[in-house]
Amino acid sequence: MELFNVYPLVNITPVKALGAKLWDDKGQEYLDFYGGHAVISIGHSHPHYVQRLTGQLQNIGFYSNSVQIPIQQELARKLGQVSGYEDYSLFLCNSGAEANENALKLASFHTGKKRVLAFKGAFHGRTSGAVAATDNPKIVAPFNADHAISFVEYDLAAVEQVLQGGDVCAAIIEPIQGVGGIIMPSDEFLTGLAALCKQYGALLIADEVQSGYGRSGRFFAHQHAGIRPDVISVAKGMGNGFPIGGILIAPELKASYGLLGTTFGGNHLACAAALAVLEVIEQEDLLHHAAELGAYLRQELVANARAEEIRGRGLMVGIKYDFPIKDVRDKLLSDFHIFVGNASDPTVLRLLPPLNITKAEVDRFLQALYALTEKSVNVIQQASALD
């Protein structure tokens, strides 16, 4: 049997990782400025993380949600404390797509409505409802296409027009679009959206799968705008590589037996991983570190990257050029051994390093980027002069 060939792969085989570094099977060291799609929040193989998971595995790794699992309640309390949402409830699952799927389902149950308001450029996952609310027709199969979804720009008048139809169960929004190219709705827009949802009886779902867990310099990116969504979806950095996701649910939304469910969600190992992440975030003050180092990174990029625009908050950064960045991205990997990301916009370089990356590692990336973009900009300018 062969693997179903859906991933274009670079010819690198990582076999070891520590902090913000990876080593391949040939012994080559790499700097990880992408964290496997924003998953590595507290660094690869963090000693506390390894200890937490190892200790849990030596006791019990899994049993289903038909028994008492006290570590789930421990995780819920810790997440509430660190995030500032102690009065919310937590439902645990396995991934970001599953988190968004359950958020949308919960909103529909609560309101009795089925339409979802989503935004241009959105990415919410690849499961049925989540992919329907993703603004990419190429990955929406006919089977997924019958969901009632309305896509709008970041325009409050357009939002209100859809809400006035009376059939919207929820508006789902990424406080910072990741796949879309580190696109941020303004804080004023998020405030207005929250008010309109409340006015028209729709739930507000904040998709914090990529932008949450300290990535923006606050625990959640929507907290920069001072809003409190009805449902918040989380995953990626939540487990630092161990598959886990969840939704934080406002107290107005009531649970009932069988309303939501999962086999693997909230298992003992996943909860141990998630607790380790929260403990390290607190112990190492990673929210402050991400805000401070992110500000330094963006300041340096604005001054020296020769880019059209520097986007983002904290350590969630997009660098937009006036040319496709594929060659720059490829050469950062092949010539400088640095992993970075791209976006649906081919002119945007996406940066999502571990939250405990060091200033020296940031400077190493910056020096490599400046060397490459200087060459790229010069080539483009010379070509333009010949036109």
Side-chain angles (χ1 to χ4, degrees), residues 1-17 20-41 43-45 93-101 121-145 174 177-182 207 209-211 213 215 233-245 264 270 273 316-319 324-354:
M1 182 182 290
E2 296 294 329
L3 294 173
F4 197 51
N5 189 18
V6 294
Y7 301 117
L9 303 178
V10 296
N11 190 25
I12 295 171
T13 306
V15 294
K16 182 182 176 183
K21 293 185 173 67
L22 302 162
W23 290 266
D24 69 13
D25 53 353
K26 299 177 180 62
Q28 177 62 58
E29 180 185 290
Y30 295 84
L31 177 61
D32 187 2
F33 238 74
Y34 191 52
H37 304 302
V39 167
I40 302 301
S41 50
H44 295 278
S45 304
C93 54
N94 308 285
S95 70
E98 192 180 336
N100 284 328
E101 201 77 33
F123 185 93
H124 297 294
R126 293 176 181 269
T127 54
S128 189
V131 80
T134 291
D135 187 21
N136 182 355
K138 292 180 180 179
I139 63 171
V140 181
F143 172 72
N144 309 124
E174 299 158 273
Q177 285 187 355
V179 174
I182 316 298
D207 177 350
V209 167
Q210 189 168 135
S211 58
Y213 268 75
R215 177 61 52 190
S233 56
V234 291
K236 291 197 184 293
M238 184 179 190
N240 201 51
F242 199 100
I244 184 170
F264 298 106
M316 187 171 185
V317 177
I319 312 171
I325 54 86
K326 183 180 184 305
D327 286 347
V328 171
R329 179 176 178 246
D330 290 348
K331 286 184 180 299
L332 279 169
L333 189 56
S334 63
D335 297 1
F336 293 90
H337 308 115
I338 300 174
F339 280 94
V340 294
N342 58 356
S344 58
D345 180 344
T347 66
V348 174
L349 202 67
R350 191 159 44 131
L351 309 179
L352 301 159

How long is the gap from [atom1] on [X] to [atom2] on [Y], to the nearest 0.5 Å?
X: I40; Y: N240; atom1: CD1; atom2: CG; result: 4.5 Å
X: I182; Y: R350; atom1: CD1; atom2: CZ; result: 6.0 Å
X: S41; Y: K236; atom1: OG; atom2: NZ; result: 12.0 Å
X: L352; Y: F33; atom1: CG; atom2: CZ; result: 10.0 Å
X: K26; Y: I12; atom1: NZ; atom2: CD1; result: 9.0 Å
X: N144; Y: I139; atom1: CG; atom2: CD1; result: 9.0 Å

Does the side chain of [X] reach to within under 4.5 Å of the side chain of [Y], using non-hydrogen atoms?
X: R329; Y: L349; value: yes
X: L332; Y: V328; value: yes
X: P353; Y: R215; value: yes
X: F123; Y: N136; value: no

Inset, instruction - Evaluate side chain to side chain contact (heavy atoms under 4.5 Å, CB included) for Y7 paired with N5, printing each intermediate quantity in order. - result: CA-CA 6 Å; Y7 301 117; N5 189 18; 5.8 Å; no

Non-hydrogen atoms of [X] and [Y] that approach each other most closely:
X: Y213; Y: G237; value: CD2-O, 4.0 Å
X: H124; Y: D207; value: ND1-OD2, 2.7 Å
X: A38; Y: Q210; value: CB-CG, 3.7 Å
X: C93; Y: E98; value: CB-OE2, 3.1 Å
X: F143; Y: S128; value: CE2-OG, 4.3 Å
X: A122; Y: A133; value: CB-O, 3.8 Å

Are K326 and D330 close enough for a salt bridge, meaning some N to O gap below 4.0 Å? yes

Parallel under 30°, tilted from 30 to 60°, perpendicular over 60°: which one fits the rings of H337 and Y30? perpendicular

Margin query: Could you go through V340 and L351, starting from their C-alpha distance and side-chain angles, then the distance that decides it, and tell me whether this counts as side chain to side chain contact (heavy atoms under 4.5 Å, CB included)?
Written below: CA-CA 6 Å; V340 294; L351 309 179; 3.8 Å; yes

Got a donor-acceptor contact below 3.5 angstrom from the [X] side chain to the [Y] backbone?
X: S45; Y: A17; result: yes
X: S344; Y: V179; result: yes
X: T13; Y: D24; result: no

